[in-house]
Every structure is written in structure tokens, then in C-alpha cells.
Amino acid sequence: AAELERMMSQDLQVPYVLGVTSCTAALVVALKALGIGYGDKVIVPAVTFIATAGAVISANAVPVFVDADESLNMDPNDLERVMDEDVKAIITVPILGAACDMDGIMSFAKKHGIAVIEDVAQSSGVKYKGKAQGTIGDINVFSFQMNKILTSGEGGAVTTSDPRLFERAVRYHDQGLYRPHFRDTYDFEPQDI
Ligand SMILES: *Cc1c(COP(=O)(O)O)cnc(C)c1O
């Protein structure tokens with residue numbers, strides 16, 4: 001896993017990568033790292049694989065659906081319709097290799113102070129304006145399951161540029177323990193969470 005994490009970090013140009021057992025597991029880890037739970041809502045696209053919404057339910061939150069635009073991805077213009085004070089995050093999914101409108105989604109999230117998760121399960125390697133999908137959102141997830149573009153039979157990963165979210169993700173996936181990933185490359189001190 002350490003070698004995979006290192007290679008993904010270099011290829012995608014993202015500082016923190018955590019290998020996990022599947023993208024569904026990665027989604028739950030990402031939601032937990034963000035502190036999402038009871039009473040929270042998470043916006044998901046109407047067109048996606050069921051795991052995107054299922055992971056939200058596994059984290060005890062409620063998925064709310066927004067419509068697709070002509071790319072079949074989340075339409076940023078439909079986000080306002082479902083927005084309320086319980087919405088804490090957006091999961092956006094580049095479908096079948098088509099990049100999402102990340103500028104529209106990120107600026108909506110910033111305006112409302114909510115987090116963005118990119119679910120890149122179907123689109124490993126896809127870029128949006130020169131940046132890899134899975135490096136733009138606050139915390140992001142990949143799949144290496146046998147139906148995906150890049151497969152190892154089974155597996156997944158979480159990526160982030162935020163050391164605090166990374167630490168929370170590592171601790172959630174490892175019974176509260178913190179393995180000091182990338183200590184040699186990226187110098188950061190574990191923080192209290
Ligand atoms: C396949 C898929 C998942 C789940 O991936 P697993 O690695 O099988 O858990 C999640 N989200 C999307 C969009 C997918 O296509």
C-alpha cells in the first residue's frame with residue numbers, strides 16, 4: 001500500500017494518499033474525516049453508481065440528489081435548489097471519464113462553507129483544466145475494482161491536500177491509530193483531533 005500511495009501522490013500531484021479496501025470504504029472514510037453524521041445531508045448526483053449515495057447512508061447522513069447537465073455530471077446550477085443548513089458536503093462524480101464542472105461546484109461549496117468530495121471511481125487519470133480529478137475537492141476517492149479503468153481486482157484510495165483531513169482519515173481507517181505516512185517527504189506534525 002505504501003508504494004501505491006507514493007506513486008499516486010506523484011502521478012496526481014496530491015500530497016496525501018491513503019490506500020483502503022474499496023472506493024465504498026474510501027467514501028465512508030472521507031465522510032467520517034469530514035465529521036459528517038446524524039442530522040447531516042450530503043448532495044450527490046442523480047446519475048452515479050449506487051455506492052455514492054449508499055456511503056452517505058452508511059455514515060448516518062441523508063443523500064440529496066441534484067440533476068445532471070448535458071455531460072451527465074452534476075449540474076452546478078441545480079445545487080441551490082437543494083441547499084439548506086443541514087447540507088455539509090457535495091460528492092461529485094466524473095462519470096465514465098467525463099470531467100465535472102469543478103469551477104462551478106467548488107465556487108458553490110466555498111460560498112456556502114461546505115466540503116467537496118470527488119468520487120473518481122470511474123475516471124482515474126481524468127483531468128479538469130490541467131488538474132487531475134481527485135485533487136481538486138477537499139477529500140477524494142478512487143476505486144481499483146475489476147470494472148474500473150485502473151484495476152488491481154479490488155481496492156480504493158483517499159486523497160487530500162489537507163493534513164488534518166488526512167490524519168482523521170488515517171485514524172478512522174485504522175482503529176484510531178495514526179501511521180505517519182509520507183513523514184520523510186511531507187513534513188507535518190500530527191494534530192489533536
Ligand atoms: C464503482 C463505484 C464506486 C464503488 O467502488 P468500489 O471500489 O466497488 O467500492 C463508487 N462510486 C462510483 C461512482 C463507482 O462507479
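The structure presented is a predicted model; accordingly, all values stated were derived computationally and were not measured. Remember, it's 1-based here, ligands and their atoms both numbered in the order they're listed.
- For the pair Ile105 and Val116, the minimum side-chain heavy-atom distance is below 4.5 Å.
- Side-chain contact between Val93 and Phe49 is absent, with no heavy atoms from C-beta onward closer than 4.5 Å.
- Paired with Glu118 under the rule side chain to side chain contact (heavy atoms under 4.5 Å, CB included), one option of Asn140, Thr159, Asp138, Ile91 passes, and it is Asn140.
- Nearest protein heavy-atom neighbour of atom 11 (N) of ligand 1: Asp119 OD2, 2.7 Å.
- Ile36 and Leu79 are members of different hydrophobic clusters when ILVMFWY side chains are connected at heavy-atom separations under 4.5 Å.
- Between the side chains of Asp69 and Ser71, at least one donor N or O sits under 3.5 Å from an acceptor N or O.
- When only non-hydrogen protein atoms are considered, atom 15 (O) of ligand 1 lies nearest to Lys148 NZ, 2.8 Å.
- Of all protein heavy atoms, the one lying nearest to atom 8 (O) of ligand 1 is Gln145 NE2, 3.0 Å.
- The Ala51 neighbourhood of ligand 1 comprises atoms 3 (C), 4 (C), 10 (C), with distances under 4.0 Å to a heavy atom of that residue.
- Using modelled atom types, one side-chain atom of Ser123 and one backbone atom of Gly97 make a donor-acceptor pair closer than 3.5 Å.
- Numbered from 1 in the order shown, with element, the atoms of ligand 1 that lie under 4.0 Å from a heavy atom of Thr48 read 13 (C).
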Quiz item: Is there a side-chain contact (heavy atoms from CB on, under 4.5 Å) between Val56 and Val62 once you walk through the steps?
Solution: CA-CA 6 Å; Val56 174; Val62 176; 5.7 Å; no
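- Against a heavy-atom cut-off of under 4.0 Å, Thr52 is close to the following atoms of ligand 1: 11 (N), 13 (C).
- In the vicinity of Thr24, heavy-atom distances shorter than 4.0 Å reach the ligand 1 atoms 4 (C), 6 (P), 9 (O).
- At a heavy-atom cutoff of 4.0 Å, ligand 1 is contacted by the side chain of Ala121 but not by its backbone.
- Near Ser143, meaning under 4.0 Å from one of its heavy atoms, ligand 1 places the atoms 5 (O), 6 (P), 7 (O).
- For ligand 1, the atoms lying closer than 4.0 Å to a non-hydrogen atom of Val93 are 13 (C).
- Using a 4.5 Å heavy-atom threshold, the side chains of Pro63 and Val42 count as separate.
- If you number the atoms of ligand 1 from 1 as listed, the ones under 4.0 Å from a heavy atom of Ser22 come out as 7 (O), 9 (O).
- Nearest to atom 5 (O) of ligand 1 among the protein's heavy atoms is Cys23 CB, 3.1 Å.
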